[in-house]
Colleague: 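Can you read through this structure? Questions will come right after.
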Amino acid sequence: MTGVPEYVSYARMDELHELQCPRSDVRGELSFLLISQVKELLFRVVTDDLDSARTALGHDDLDGACLALARAVRSQGVLVACWESMNGMSADEFVAFRHVLDDASGVQSFAYRTLEFVLGNRPGRHARAALREGPEQVRAELAKPSLYDAALHYLDRRGFAVPVSCLRRPPNRQHEPSTGVEDVWLEIYADPRRHRGPHRLAECLLEVAYQFSRWRATHLLVVERMLGGKGGTGGTDGASWLREINEHRFFPELWTFRTRLENPERGRTP
Ligand code: HEM
């Protein structure tokens, strides 16, 4: 075999390996850098699958949407597992190279922001920052309806009473929790045999939201383990800021309707 092997040229492995340039010789910085890069790439993998799910829903292709959501969930599992590698670093190792990060912080990741935007978390401050400084990909995302919007439109076409205000909201504006949407999920879960497809969609969406919250919760634990109560390099007060973010749930009504869910068999005369 002569020249560059196909494995190396196909995935441009040489260039890839040139991208790891630690700024210190502290043990731990290289793996911190690598895991940060792996996570950044995985954000894109998940975004891609969620985008496919959104497209499939737009074509009323429920099977295609659920397959894509299941793929996203697998990659989300890898994202969560990546934290384990980071936990091999002790706080003294981290503090020994933390200064080389300067003001670099995950809060500046446009890949992460794109992922949040696809799912439907588009608060004004992040939307404005993305429009001001973000690459084309994140700005374009704000012009599209989110995955949750696509799910609500799908349910509307299936005859469920999704409030018009949720269907007509401009895509760059944040979805606000709605009792009307909660009623729709309640109707589906009250009779899952009748609404098999929508129920399956809801379970797939919830799994995506659950895995995302798991990633956030583990990130918070890692942050407490590395920083205690120190502020973040991105200018926030660190763990307490992340604790607030942890309260957020994607597809909010899919979480809240459960409070009202009752066993339909109880109270029925035999
Ligand atoms: C020792 C490891 C880490 C520590 C101590 C840490 C700390 C923090 C802190 C304190 C914040 C709040 C913003 C700030 O002030 O900086 C933050 C945000 C963030 N971090 Fe990390 N982080 C770590 C590893 C990572 C890794 C490996 C990733 C993945 C690429 C990541 C992704 C993010 C993201 C996406 C945010 C923004 C969250 C949001 O806007 O909701 N972090 N991190």
Colleague: Indicate whether the side chain of Gln174 and that of His126 have a donor and an acceptor atom separated by less than 3.5 Å.
Modeller: no
Colleague: Just wondering, more than 12 heavy atoms not from Arg169 lying within 6.0 Å of its CZ?
Modeller: yes
Colleague: Would you give the length of the straight line joining atom CD of Gln108 to atom CG of Asp103, rounded to the nearest 0.5 angstrom?
Modeller: 5.5 Å
Colleague: I'd like to know if the side chain of Arg27 reaches the main chain of Glu93, judged simply by a donor and an acceptor atom lying under 3.5 Å from each other, with no hydrogens or angles considered.
Modeller: no
Colleague: Partners of Arg157 by salt bridge (Lys or Arg N to Asp or Glu O under 4.0 Å), sequence neighbours excluded?
Modeller: Asp60
Colleague: Can you confirm whether Arg225 sits close enough to Trp83 that some side-chain heavy atom of one is under 4.5 Å from a side-chain heavy atom of the other?
Modeller: no
Colleague: Tell me if a side-chain donor or acceptor on Ser105 pairs with a main-chain N or O of Thr233 at a distance below 3.5 Å.
Modeller: no
Colleague: Just verifying a value: how many Å separate Thr47 OG1 and Leu42 CG, rounded to the nearest 0.5 Å?
Modeller: 10.5 Å
Colleague: How long is the straight-line distance from CD of Glu15 back to OG of Ser9, given to the nearest 0.5 Å?
Modeller: 10.5 Å
Colleague: Which heavy atom of Glu40 sits nearest a heavy atom of Ala111, and at what distance?
Modeller: OE2-CB, 3.2 Å
Colleague: Under a 4.5 Å cut-off applied to non-hydrogen side-chain atoms, are Leu33 and Phe97 in contact?
Modeller: no
Colleague: So that I can tick it off, tell me whether Asp63 and Arg200 are bridged by a salt bridge, with the cut-off set at under 4.0 angstrom between side-chain N and carboxylate O.
Modeller: yes
Colleague: Working to the nearest 0.5 Å, report the span between NE2 of His219 and SG of Cys82.
Modeller: 12.5 Å
Colleague: Taking the inter-plane angle between the rings of Tyr189 and His199 on a 0 to 90° scale, is it parallel (under 30°), tilted (30 to 60°) or perpendicular (over 60°)?
Modeller: tilted
Colleague: Indicate yes or no for a side-chain donor-acceptor contact from Arg113 to the backbone of Val107 under 3.5 Å, with no hydrogens or angles considered.
Modeller: yes
Colleague: In terms of the angle between their ring planes, are Trp215 and Phe43 parallel, tilted or perpendicular, with boundaries placed at 30° and 60°?
Modeller: perpendicular
Colleague: Are Met13 and Val45 linked, directly or through other ILVMFWY residues, by side chains that come within less than 4.5 angstrom of each other?
Modeller: no
Colleague: Closer than 3.5 angstrom, by distance alone: can the side chain of Asn246 be matched with the main-chain N or O of Ala217 as a donor-acceptor pair?
Modeller: yes
Colleague: Report yes or no: does Asn87 contribute a side-chain atom to a donor-acceptor pair with the main-chain N or O of Glu84 at less than 3.5 Å?
Modeller: no
Colleague: Which atom pair, heavy atoms only, marks the closest approach of Tyr148 to Leu119?
Modeller: CB-O, 3.9 Å
Colleague: In terms of heavy-atom contacts, does CZ of Arg23 have more than 12 from other residues, nucleotides or ligands at under 6.0 Å?
Modeller: no
Colleague: Near Asp92 CG, under 6.0 Å, is it more than 12 heavy atoms from other residues, nucleotides or ligands?
Modeller: yes
Colleague: So if you build clusters from Ile, Leu, Val, Met, Phe, Trp, Tyr with side-chain heavy-atom gaps below 4.5 Å, do Leu221 and Tyr112 land together?
Modeller: no
Colleague: Say whether Arg214 and Tyr210, considering side chains only, have a donor N or O and an acceptor N or O under 3.5 Å apart.
Modeller: no
Colleague: For the pair Glu29 (side chain) and Ser24 (backbone), establish whether a donor and an acceptor sit closer than 3.5 Å, ignoring hydrogens and angles.
Modeller: yes
Colleague: Which of these passes salt bridge (Lys or Arg N to Asp or Glu O under 4.0 Å) with Asp49: Arg54, Arg71, Arg74?
Modeller: Arg71
Colleague: Would you confirm whether Asp156, through its side chain, and Leu152, through its main-chain N or O, come within 3.5 Å as a donor-acceptor pair?
Modeller: no
Colleague: Can a salt bridge be assigned to the pair Glu141 and Arg122 using a cut-off of 4.0 Å between side-chain N and carboxylate O?
Modeller: yes
Colleague: Just by modelled atom types, is the Ala239 backbone N or O under 3.5 Å from a matching donor or acceptor in the Glu224 side chain?
Modeller: no
Colleague: Nearest 0.5 Å please: distance from the CZ atom of Phe117 over to the CG atom of Leu147.
Modeller: 15.0 Å
Colleague: Quick one: pull up CZ in Arg158 and CG in Leu62 and give me the separation to the nearest 0.5 Å.
Modeller: 7.0 Å
Colleague: Let me check something: do Leu131 and Val138 share a hydrophobic cluster, defined by ILVMFWY side-chain heavy atoms less than 4.5 Å apart, either directly or through other members?
Modeller: yes
Colleague: What about Phe251 and Leu261, same hydrophobic cluster or not, with Ile/Leu/Val/Met/Phe/Trp/Tyr joined at side-chain heavy-atom distances under 4.5 Å?
Modeller: yes
Colleague: State yes or no: do Val222 and Leu30 share one hydrophobic cluster built from I, L, V, M, F, W and Y residues joined by side-chain heavy-atom distances below 4.5 Å, directly or via other members?
Modeller: no
Colleague: Check for me whether the distance between the ring centres of Tyr7 and Tyr10 falls short of 6.0 Å.
Modeller: no
Colleague: Could you go through Gln211 and Glu207, starting from their C-alpha distance and side-chain angles, then the distance that decides it, and tell me whether this counts as side-chain contact (heavy atoms from CB on, under 4.5 Å)?
Modeller: CA-CA 6 Å; Gln211 292 299 338; Glu207 191 57 29; 2.9 Å; yes
Colleague: Which heavy atom of Val46 sits nearest a heavy atom of Ser75, and at what distance?
Modeller: CG2-CB, 3.7 Å
Colleague: In sequence, state the C-alpha distance, the side-chain angles, and the governing distance for Leu101 and Phe32, and then conclude on side-chain contact (heavy atoms from CB on, under 4.5 Å).
Modeller: CA-CA 11 Å; Leu101 302 180; Phe32 172 82; 3.7 Å; yes
Colleague: Would you find a donor on one side and an acceptor on the other, under 3.5 Å apart, between the side chain of Gln37 and the backbone of Leu19?
Modeller: yes
